[in-house]
Amino acid sequence: MNKNAIFLGLVTFFALIAALFLGMFVAQGKFRDLGLIIVVVGLFSMCLFLRGNIWMIIPLCSGITGTIGFLPGNITISEIATLVAF
């Protein structure tokens, strides 16, 4: 079987599953969970997109201020980006 057809089938399957879960989150009013999923998928896809140039995350995120409340020690978003790059 063609590798592209298998890949397309897998992507379509996971997209349908993701659409069902995201639709359930919207219907139940869980917008915080929905936002968290969107951010995690965005960061993961950014890491996959950059691959060998992962160090580019550091200057891209250096201007982002704020902290993430659930992590101990009030670690900033730019510090998390530095940790992801290394």
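Note that the numbering runs from 1 along the sequence shown for the chain. Note that this is a predicted model, so its numbers are computed, not measured.
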Verdict with reasoning, F86 to I58, per side-chain contact (heavy atoms from CB on, under 4.5 Å): CA-CA 10 Å; F86 293 109; I58 297 170; 3.7 Å; yes
Is there a continuous path of hydrophobic side-chain contacts, each under 4.5 Å between heavy atoms, that joins I17 to L10? yes
Among the clusters formed by ILVMFWY side chains lying less than 4.5 Å apart, do F49 and M56 turn up in the same one? yes
For the student: nearest non-hydrogen atoms of S78 and C61, plus distance: CB-O, 3.5 Å
Does some side-chain heavy atom of L8 sit less than 4.5 Å from a side-chain heavy atom of F13? no
Is it possible for you to say whether I37 and M46 belong to one hydrophobic cluster, with membership spreading through side-chain heavy-atom contacts below 4.5 Å? no
To the nearest 0.5 Å, what is the distance between OG1 on T12 and CZ on F7? 9.5 Å
Taking all non-hydrogen atoms of both residues into account, name the closest pair between L50 and I57 and its distance. CD1-CG1, 3.6 Å
Within this structure, what is the CE-CG distance for the pair M24 and L34, rounded to the nearest 0.5 Å? 12.0 Å
Between L83 and I75, is any pair of side-chain heavy atoms under 4.5 Å apart? yes
For the residue pair G52 and W55, what are the closest heavy atoms and their distance? O-CD1, 4.1 Å
If Ile, Leu, Val, Met, Phe, Trp and Tyr residues are connected whenever their side-chain heavy atoms lie under 4.5 Å apart, and connections chain through other members, are I38 and V11 in the same group? no
Looking only at atom types and distance, does a side-chain atom of Q28 sit under 3.5 Å from a main-chain N or O of F25, one as donor and one as acceptor? no
Taking the side chain as C-beta and beyond, is there a heavy-atom pair between N2 and I6 under 4.5 Å? no
Shared hydrophobic cluster, V26 / V41 (ILVMFWY, side-chain heavy atoms < 4.5 Å): yes
